[in-house]
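Since the structure comes first, as structure tokens, the remarks are kept for the end.
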Amino acid sequence: MEQLALAAPGGDHSIWGLFWQAGWVVKLVMLGLIAASVWTWAIIVDKLLSFARMRSSLSRFEEVFWSGQSLEELYRTLSERKTNGMGAVFVAAMREWKKSFEKGVKSPIGLQNRIDKAMDLALTREMERLEGRLGFLASVGSAAPFIGLFGTVVGIMTSFQAIAASGATNLAVVAPGIAEALLATALGLLAAIPATIAYNKLSSDAGKIALRMEGFADEFSAILSRQIDEKVPARAAA
């Protein structure tokens, strides 16, 4: 373990000064926690904006879908551009519907199962995109305090080693070294608290969006099931 001289009582006790007076291990811990905190806030802002856009997209799609526009026309419009959310689920179901009828439908149950699987896969892809990088927030929320504590323990150990070497034990001499070490714990909490709060909120929001899309998928599956019951027997009779 490296030996560090204690900070002079009249030295720089600002956060910046405490950082520069800390040992290289503690500095690395602090830099890592600062980087994690910056990346955490970048993810939080990005997810808040993307979730807001997704909710707006779902509302617009529901308005168009239930407006009475034909499914074929809506499919042609959406299939020509990149879609997400309910639009992606709708396009996946309609694509399977059209492929099956082009090749000839022999089993209405098989067609219904294929459509449901197509919608499930589309839902899974949409949820993976929504939940992407939330795992990083969970990791920071759980690990950052312990990483900061590690930096604190290392800093305190080196401070006590320096105290033993110098023989000085008065508070004015000891306090700066302890403050340097505790700064690592403060940075760990600074990274962990927003990450934990954001993870809980964003996970809840993602779950609500997922339920909304799953509800649409169930409704659309019922609509297509009625269409299958009408069209498949008619094609078989023809």
Side-chain angles (χ1 to χ4, degrees), residues 39 42-139 198-238:
W39 185 237
I43 292 174
I44 292 171
V45 172
D46 177 68
K47 287 299 180 182
L48 289 174
L49 294 176
S50 64
F51 281 14
R53 289 193 297 267
M54 176 62 79
R55 284 190 288 266
S56 178
S57 174
L58 297 182
S59 297
R60 288 196 303 270
F61 177 84
E62 286 178 325
E63 183 178 355
V64 173
F65 182 83
W66 297 111
S67 66
Q69 183 179 1
S70 71
L71 297 181
E72 291 288 341
E73 182 180 350
L74 181 58
Y75 171 70
R76 284 194 299 270
T77 301
L78 294 178
S79 61
E80 294 175 354
R81 62 173 185 262
K82 184 178 180 180
T83 57
N84 57 21
M86 291 179 185
V89 175
F90 170 81
V91 169
M94 288 298 294
R95 185 179 294 117
E96 182 59 39
W97 166 278
K98 294 180 73 66
K99 286 181 180 178
S100 297
F101 272 97
E102 288 173 359
K103 295 179 180 179
V105 180
K106 297 181 180 179
S107 171
I109 296 176
L111 173 57
Q112 184 69 53
N113 288 337
R114 289 194 298 273
I115 289 174
D116 289 342
K117 287 181 179 179
M119 287 194 290
D120 287 342
L121 288 172
L123 280 170
T124 300
R125 286 193 292 268
E126 290 301 305
M127 287 311 302
E128 287 177 351
R129 190 168 61 84
L130 280 175
E131 295 175 350
R133 295 180 294 173
L134 290 185
F136 179 82
L137 297 183
S139 297
Y199 175 77
N200 292 332
K201 173 180 171 41
L202 294 173
S203 295
S204 176
D205 290 348
K208 291 176 183 178
I209 293 173
L211 287 175
R212 192 171 173 183
M213 291 192 293
E214 288 171 1
F216 166 76
D218 291 340
E219 288 181 309
F220 191 45
S221 178
I223 292 173
L224 292 180
S225 179
R226 288 191 292 270
Q227 294 285 333
I228 291 170
D229 290 342
E230 294 174 1
K231 292 188 176 183
V232 172
R235 289 176 65 94

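Note that the coordinates shown come from a computational prediction; the quantities given were computed from them, not determined experimentally. We're numbering straight along the sequence, starting at 1.
- Using a 4.5 Å cut-off on side-chain heavy atoms (C-beta onward), Lys201 and Leu48 make contact.
- Nearest approach of Ala88 to Ala122, heavy atoms of both residues: O-CB, 4.0 Å.
- In this structure, CG in Leu121 is found 11.0 Å from CG in Asp116, a value given to the nearest 0.5 Å.
- Using cut-offs of 30° and 60° for the angle between ring planes, the Phe220 and Phe90 rings count as tilted.
- In summary, the side chains of Arg53 and Ser57 do not present any donor paired with an acceptor at a separation below 3.5 Å, with no hydrogens or angles considered.
- Residues Phe65 and Ile223 have side chains in contact (heavy-atom distance under 4.5 Å, counting atoms from C-beta outward).
- When all heavy atoms of Met127 and Ala206 are compared, the closest pair comes out as CE-O, 3.5 Å.
- Here the closest non-hydrogen pair linking Thr83 and Leu78 is CG2-O, 3.4 Å.
- One N or O on the side chain of Ser67 and one on the backbone of Val64 form a donor-acceptor pair closer than 3.5 Å.
- The closest donor-acceptor contact from the side chain of Ser139 to the backbone of Gly135 lies under 3.5 Å.
- At least one donor-acceptor pair closer than 3.5 Å links the side chain of Glu126 to the backbone N or O of Gly85.
- Judged purely by atom type and a 3.5 angstrom limit, Ser50 uses its side chain to pair as donor or acceptor with the backbone of Lys47.
- Between Phe51 and Leu202 the shortest heavy-atom distance is CE2-O, 3.3 Å.
- Taken to the nearest 0.5 Å, the CG atom of Asn113 stands 10.5 Å off from the CD atom of Glu96.
- Residues Ile115 and Ile228 meet the side-chain proximity criterion, which asks for heavy atoms closer than 4.5 Å.
- For Leu211, the CG atom sits in a packed shell: over 12 heavy atoms of surrounding residues, nucleotides or ligands are nearer than 6.0 Å.
- The side-chain heavy atoms of Leu74 and Phe61, taken from C-beta on, include a pair separated by under 4.5 Å.
- Leu71 has its side chain out of reach of Trp97: every pair of non-hydrogen atoms, C-beta onward, lies at least 4.5 Å apart.
- The two atoms that bring Val89 and Ala217 nearest to each other are CG1-CB, 4.2 Å, heavy atoms only.
- Using modelled atom types and a 3.5 Å distance limit, the side chains of Ser221 and Gln112 yield a donor-acceptor pair.
- The existence of a salt bridge linking Glu72 and Lys98 is confirmed by a sub-4.0 Å separation between a basic side-chain nitrogen and an acidic carboxylate oxygen.
- Listed for the Ser79 side chain is a donor-acceptor partner under 3.5 Å among the backbone atoms of Arg76.
- Side-chain atoms of Thr77 come within 3.5 Å of backbone N or O of Glu73 as a donor-acceptor pair.
- Glu62 is listed as a side-chain neighbour of Arg212, based on a closest heavy-atom distance under 4.5 Å.
- Atom-to-atom distance recorded for Asn84:CG and Met54:CE is 4.5 Å, nearest 0.5 angstrom.
- In this structure, the separation between CG on Leu58 and CE on Met86 is 4.5 Å, given to the nearest 0.5 Å.
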Working note: Met119 + Thr124, criterion side chain to side chain contact (heavy atoms under 4.5 Å, CB included); need CA distance, chi angles, decisive distance, verdict.
CA-CA 9 Å; Met119 287 194 290; Thr124 300; over 6 Å; no
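- Met94 is not listed as a side-chain neighbour of Val91, based on a closest heavy-atom distance of 4.5 Å or more.
- Of the inter-residue distances, the one linking Glu131 atom CD with Asp205 atom CG reads 11.5 Å to the nearest 0.5 angstrom.
- Leu49 contributes atom CG, which lies 12.0 Å from atom CD1 of Ile44 (distance to the nearest 0.5 angstrom).
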